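What follows is one structure encoded as structure tokens, with my remarks underneath.
Excluded from the calculations below are hydrogen atoms, water molecules and symmetry mates; all remaining heavy atoms, backbone and side chain alike, are included. These figures come from a predicted structure and were not determined experimentally.
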Amino acid sequence: MNYSIQLLEEPKIAQVITSGAWEREVDNAMGLEIMKKMAEWKVNKAVIDMRELQFELRVLEIFQRAETLRDQRREVKPPSSKVALVYNPVSPKVDEDFIFFENTARNRGLPYRVFKQMEDALVWLSE
């Protein structure tokens with residue numbers, strides 16, 4: 001799994017681009033790095049482009065992913081932030097998985113939303 005994190009100056013948003021095969025340990029490290037960069041850059045919005053990321057997670061793994069992200073946020077204590085995940089809707093199962101993740105994350109107090117289009121994600125982040 002590969003990723004890069006950069007600051008978009010206008011609007012001031014952290015942009016993360018992912019690719020390759022999803023790996024839990026890399027994703028965990030990426031989550032912490034994103035929060036640290038956001039604090040360093042003093043931004044409270046991020047867009048994570050997952051359109052080139054390949055993964056197939058079971059429902060339990062998606063549920064656990066939201067819990068891990070919640071625990072990371074408690075550990076780092078980032079400023080309140082909005083995170084938009086942009087994914088490639090390659091199948092109905094992928095749609096269902098992302099909707100389940102969004103619901104699970106929001107039920108844990110995480111300000112995450114999922115989008116199929118980058119433009120929609122950026123509009124939500126700018127609201």
Side-chain angles (χ1 to χ4, degrees):
M1 177 175 166
N2 301 304
Y3 67 91
S4 64
I5 305 170
Q6 62 186 2
L7 176 63
L8 296 177
E9 291 292 340
E10 259 325 298
K12 203 162 178 147
I13 295 173
Q15 180 185 42
V16 183
I17 300 173
T18 63
S19 63
W22 183 81
E23 299 172 60
R24 180 184 329 278
E25 296 79 19
V26 175
D27 200 12
N28 288 340
M30 178 183 75
L32 289 172
E33 187 176 348
I34 291 167
M35 286 184 271
K36 289 176 183 175
K37 289 279 190 187
M38 289 176 72
E40 175 187 326
W41 294 333
K42 296 178 177 43
V43 299
N44 62 357
K45 298 174 185 171
V47 60
I48 303 175
D49 185 343
M50 303 174 74
R51 293 175 291 183
E52 297 296 321
L53 190 63
Q54 296 107 38
F55 56 92
E56 188 168 322
L57 302 177
R58 296 185 313 259
V59 170
L60 179 60
E61 291 173 308
I62 296 168
F63 183 85
Q64 291 170 333
R65 188 77 205 123
E67 288 186 340
T68 299
L69 291 168
R70 179 198 59 202
D71 294 345
Q72 284 180 333
R73 288 177 64 84
R74 286 181 178 164
E75 180 182 317
V76 175
K77 297 182 176 100
S80 180
S81 59
K82 292 169 74 172
V83 179
L85 305 175
V86 182
Y87 70 99
N88 188 357
V90 295
S91 72
K93 181 178 181 335
V94 170
D95 283 334
E96 291 170 9
D97 288 351
F98 271 91
I99 290 167
F100 177 71
F101 173 78
E102 180 180 290
N103 289 332
T104 303
R106 294 182 93 181
N107 287 340
R108 278 151 189 72
L110 298 173
Y112 285 55
R113 290 228 15 226
V114 298
F115 298 90
K116 298 175 187 177
Q117 301 294 324
M118 181 62 72
E119 298 78 21
D120 296 336
L122 295 174
V123 167
W124 177 72
L125 287 170
S126 66
E127 292 175 348

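- A 4.5 Å side-chain heavy-atom check between Asn28 and Thr68 finds at least one atom pair inside the cut-off.
- Counting only heavy atoms from C-beta outward, the side chains of Lys12 and Lys45 never approach each other to under 4.5 Å.
- Counting only distance, with no hydrogens or angles, the side chain of Gln15 and the backbone of Ile48 share no donor-acceptor pair below 3.5 Å.
- Remark: Arg113 pairs with no residue by the side chain to side chain donor-acceptor pair (under 3.5 Å) rule, at least two apart or across chains.
- Residues that satisfy the side-chain contact (heavy atoms from CB on, under 4.5 Å) test with Ser4, not counting sequence neighbours, are Ile17.
- For Asp27, the side chain to side chain donor-acceptor pair (under 3.5 Å) partners at least two apart in sequence or on another chain are Trp22, Arg65.
- Residues Arg58 and Glu61 come closest through the heavy atom pair N-OE1, 2.8 Å.
- Between Ser81 and Met38 the shortest heavy-atom distance is CB-CE, 3.8 Å.
- Remark: Trp124 engages Phe115 in a ring-ring contact (aromatic ring centres under 6.0 Å, His included) (not counting sequence neighbours).
- Using a 4.5 Å cut-off on side-chain heavy atoms (C-beta onward), Lys82 and Asn44 make no contact.
- Expressed to the nearest 0.5 Å, how far CE of Met118 lies from CG of Leu125 amounts to 9.5 Å.
- Among residues at least two apart or in separate chains, side chain to side chain donor-acceptor pair (under 3.5 Å) pairs with a member in residues 84-94 are Tyr87-Asp95, Lys93-Asp97.
- At least one side-chain heavy atom of Ile13 sits less than 4.5 Å from a side-chain heavy atom of Leu122.
- The shortest side-chain heavy-atom distance between Phe63 and Phe100 falls under the 4.5 Å cut-off.
- Two residues are said to be in side-chain contact when any heavy atoms from C-beta on lie closer than 4.5 Å; Leu53 and Met1 meet this criterion.
- Interatomic distance, CG of Leu85 versus OG1 of Thr18, reported as 9.5 Å (0.5 Å rounding).
- In this structure, Lys36 and Glu33 have side chains that are not in contact, with every pair of non-hydrogen atoms separated by 4.5 Å or more.
- At least one side-chain heavy atom of Val86 sits under 4.5 Å from a side-chain heavy atom of Val47.
- Residues passing the side-chain contact (heavy atoms from CB on, under 4.5 Å) test with Glu56, sequence neighbours excluded: none.
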Check step by step if side-chain contact (heavy atoms from CB on, under 4.5 Å) holds for Phe101 and Leu110.
CA-CA 11 Å; Phe101 173 78; Leu110 298 173; 5.7 Å; no
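- The structure places CE of Met50 at 13.5 Å from OH of Tyr3, a figure rounded to the nearest 0.5 Å.
- Rounding to the nearest 0.5 Å gives a distance of 6.5 Å between CD of Gln64 and CZ of Arg24.
- Listed by chain and residue number, nothing satisfies the side chain to side chain donor-acceptor pair (under 3.5 Å) test with Glu96 (two or more places apart in sequence, or in another chain).
- For residues 99-111, the set of pairs meeting the side chain to side chain donor-acceptor pair (under 3.5 Å) definition, not counting sequence neighbours, is empty.
- Remark: Glu9 pairs with Leu7 by the side-chain contact (heavy atoms from CB on, under 4.5 Å) rule, at least two apart or across chains.
- Phe55 meets the ring-ring contact (aromatic ring centres under 6.0 Å, His included) test with Phe98; sequence neighbours excluded.
- Glu52 pairs by the side-chain contact (heavy atoms from CB on, under 4.5 Å) definition with Ser19, not counting sequence neighbours.
- For Glu67, the side chain to side chain donor-acceptor pair (under 3.5 Å) test picks out no residue, with sequence neighbours left out.
- The hydrophobic clustering, which links ILVMFWY residues whose side-chain heavy atoms are closer than 4.5 Å, places Val90 and Leu57 together.
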